[in-house]
Protein chains: 2
Amino acid sequence: MTVDERRAWEIVLAHIEDDLLGGRLKPGDRLPGERALATELGVGRSSVREAIRVLEVLGLVRTNVGSGPTAGAIIVALPGGGMSALMRLQVAAQGFPVADIVKTRLVLETAVAAELADAVLSAALLHPDRRDPDLGRCAQLLDAMDAPGLSEDEFLTLDAAFHLSLAEACGNQVVIATMAGLRSAIEGYVRAGVERLASWPDTSARLRAEHRGILAAIEAADPTGAHDLVHAHISGYYAETRLTPASR
Amino acid sequence: MTVDERRAWEIVLAHIEDDLLGGRLKPGDRLPGERALATELGVGRSSVREAIRVLEVLGLVRTNVGSGPTAGAIIVALPGGGMSALMRLQVAAQGFPVADIVKTRLVLETAVAAELADAVLSAALLHPDRRDPDLGRCAQLLDAMDAPGLSEDEFLTLDAAFHLSLAEACGNQVVIATMAGLRSAIEGYVRAGVERLASWPDTSARLRAEHRGILAAIEAADPTGAHDLVHAHISGYYAETRLTPASR
DNA sequence: GGGCGTGCTGTGGTCTGACCACACAGCTTA
DNA sequence: TAAGCTGTGTGGTCAGACCACAGCACGCCC
């Protein structure tokens, strides 16, 4: 008869985590209803709701109203949203300096590019006839960025998608989610930085050329080249928008 | 008079985020009371509580009951806890494969080690007399790991602290929080992996020697050496505990 | 017999009110 | 002066009520 000193919603959270670890809950499964969970765990429904709200923000469940098989809280395990919310709010609360966000992005994305080039190299040895399939989407995005009359907002959206597509081609879920979070955390700063550019057409053209260069280095199975090009691309852009000096 | 289609707790969350971005809330500040926030935003107190719960899990606020200056929800912006919860739950829900966690850790920690070595190099040029202060804690932890009679659990705790201290010496808040999250996400797997080791004393001795080597390379201002040693250390350990093959 | 509409039912979303434990602050009292 | 007490505001929790919504089964109508 020990007293459970945890708060009620922590009990609910721990119970659900335990079910996940024990395999009693898998992606695609539905959580018990809020009322059922409340009575089962001996807590109030509001406490259950607080726990589910946390899971929802962290990207673990998706809630739907109504009835039928799609209703209720469903395990989805999509880390992107949670990582974005976490990093965005931490930047807002000054827990994450913008400069650190940029540096981390630099580390991760250079590693991603180098690993992609390595993968191309390995694939070429095993299947000399086949072209890497995952890089197709990256190329498509670059083509889309060449469309004339693109607004700055549209360009930046495609730019973000391209960088994310590199991580996706790499296939590492953690890196994908982290990159998405890092990007969304500094989204506002990036868009504000465009205003300070001397010439948007010039910068846009340079960015597109650098993107092509990065993709070319990857497809040429040149890890160090891809690494260095990404490094120059990212640090150069942030230097140009004067993001880092005024950051924090 | 457009209808706000967001859910009530999202309104609260957005309002607080806006206050953070607008500088009306800073670390150390107290949030308005739950009841005040509810009436101010025109929502129920339970919705306010759901939003604050999210902020608490993400590591943005700390709540205290009672009265006085320490009571209420206080902005703290400590990202470690939130990142750990996010990654731990994503691993539990199979959104993050363990192998991807390990790979990400490999990328980040090798970069951290290389950057630290670089920093030592720069510092030596500027202040040839002064030894790097932030590496002192790393060395202390290594000394603690040499203590005889250390249990496996204690050793692993010190091991985790050492690796985290490297990130802390680097000073990048994002990397620190991410590394802490990655570690906690696979904490259970690491402890389980120890059971499968052929000989704990042998492994422990090897790990300690590798730690010394890493720190020595950093203090010798050898970026590539530190990078490679960290790479071998981490990938070697996970290979030995057979963590990666059975993962996911 | 087949198609369609309608109510039933269960879901999450929200609000209200109430009570509790807690911690500080100021007052009262010895 | 010092110890104790009470008031007040805080988050923590619960219970109950109502709403909008979506599916489903029943029954009606053609």
Side-chain angles (χ1 to χ4, degrees), chain A residues 1-16 19 25 28-76 78 81 85, chain B residues 1-16 19 25 28-76 78 81 85:
Chain A
M1 290 298 294
T2 62
V3 198
D4 199 335
E5 297 180 8
R6 289 178 303 178
R7 287 177 284 183
W9 64 271
E10 291 181 294
I11 297 176
V12 180
L13 209 53
H15 182 263
I16 295 176
D19 277 355
L25 282 178
D29 286 356
R30 289 180 45 191
L31 258 62
E34 297 178 353
R35 295 164 178 84
L37 215 44
T39 59
E40 179 190 345
L41 298 179
V43 299
R45 192 187 158 204
S46 48
S47 300
V48 172
R49 296 198 96 256
E50 290 181 17
I52 293 183
R53 192 66 55 233
V54 168
L55 293 177
E56 183 177 348
V57 171
L58 292 185
L60 264 90
V61 305
R62 183 173 45 87
T63 60
N64 299 92
V65 295
S67 86
T70 71
I74 302 181
I75 312 274
V76 292
L78 298 174
Chain B
M1 292 301 294
T2 62
V3 206
D4 199 334
E5 296 180 6
R6 290 178 301 178
R7 287 177 284 182
W9 63 272
E10 290 180 295
I11 297 176
V12 181
L13 209 53
H15 181 263
I16 295 176
D19 277 355
L25 282 177
D29 287 353
R30 288 180 48 192
L31 257 63
E34 298 178 352
R35 295 165 177 85
L37 215 45
T39 58
E40 179 189 345
L41 298 180
V43 300
R45 192 183 159 208
S46 47
S47 300
V48 173
R49 287 184 58 67
E50 289 182 18
I52 293 184
R53 193 65 56 236
V54 168
L55 293 176
E56 183 177 347
V57 171
L58 292 185
L60 264 91
V61 305
R62 183 173 46 87
T63 60
N64 299 93
V65 294
S67 87
T70 70
I74 301 181
I75 313 273
V76 291
L78 298 173

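Quick caveat: nothing in here was measured; it's all calculated off a predicted structure. Chain identifiers are assigned alphabetically (A, B, ...) following the order of the sequence lines, protein sequences preceding nucleic acid strands; residue numbering begins at 1 within each chain. Atoms considered below: every heavy atom in the structure, side chains included; atoms not considered: hydrogens, waters and symmetry mates.
Going from atom CZ of B:R62 over to atom OG1 of B:T70 covers 7.5 Å, rounded to the nearest 0.5 Å. Atom OG of A:S47 sits about 8.5 Å away from atom CZ of B:R53, to the nearest 0.5 Å. How far CD1 of B:I16 is from CG of B:L31: 4.5 Å, rounded to the nearest 0.5 Å.
A:W9 places its CH2 atom 9 Å from the P atom of D:dG12, with the value rounded to the nearest Å. Atom-to-atom, CG of A:N64 to C1' of D:dG23 comes out at 13 Å; the value is rounded to the nearest Å. Regarding B:L31, its CG atom lies at a distance of 13 Å from the C1' atom of D:dT10, rounded to whole Å. Atom CD1 of A:I74 and atom P of C:dT11 are 13 Å apart (whole Å). Counting to the nearest Å, the C1' atom of C:dT16 and the CD atom of B:E34 are 15 Å from each other. The nearest whole Å value for the distance from the CZ atom in B:R7 to the C1' atom in C:dG12 is 9 Å. The CG atom of B:L13 sits 13 Å away from the P atom of C:dT14 (whole-angstrom rounding). A straight line from CD of A:E56 to C1' of C:dG13 spans 11 Å, rounded to a whole angstrom.
Look at A:R49 and you'll find a side-chain N or O under 4.0 angstrom from OP1 or OP2 of C:dG13. A close approach under 4.0 Å does not occur between any side-chain nitrogen or oxygen of B:R30 and OP1 or OP2 of D:dT10. At the phosphate of D:dG12, neither OP1 nor OP2 sits under 4.0 Å from any side-chain N or O atom of B:R45. Between B:S47 and C:dC15 there is a side-chain polar atom (N or O) within less than 4.0 angstrom of OP1 or OP2.
A:G66 comes within contact range of at least one nucleobase, with a heavy-atom separation under 4.0 Å. Within 4.0 Å (heavy atoms only), A:R62 reaches no atom of the nucleic acid at all. Residue contacts shown for A:A71 are absent, as no nucleic acid heavy atom lies under 4.0 Å away. Among the protein residues, B:S46 comes within range of the nucleic acid bases, having at least one heavy atom under 4.0 Å from a base atom.
Listed nucleotides D:dG23, C:dG13, D:dT13 differ in distance to A:T63; the shortest reach to its side chain belongs to C:dG13. Of the candidate nucleotides C:dG12, D:dG11, C:dC15, D:dG11 has the atom lying nearest to any side-chain atom of B:R35.
For the residue pair B:T63/A:R7, the side-chain donor-acceptor check at 3.5 Å is satisfied.
Residues B:V76 and B:L60 have side chains not in contact (no heavy-atom distance under 4.5 Å, counting atoms from C-beta outward).
The residue among A:E50 and A:S67 whose nearest nucleotide of DNA chain D lies closer to the 5′ end is A:E50.
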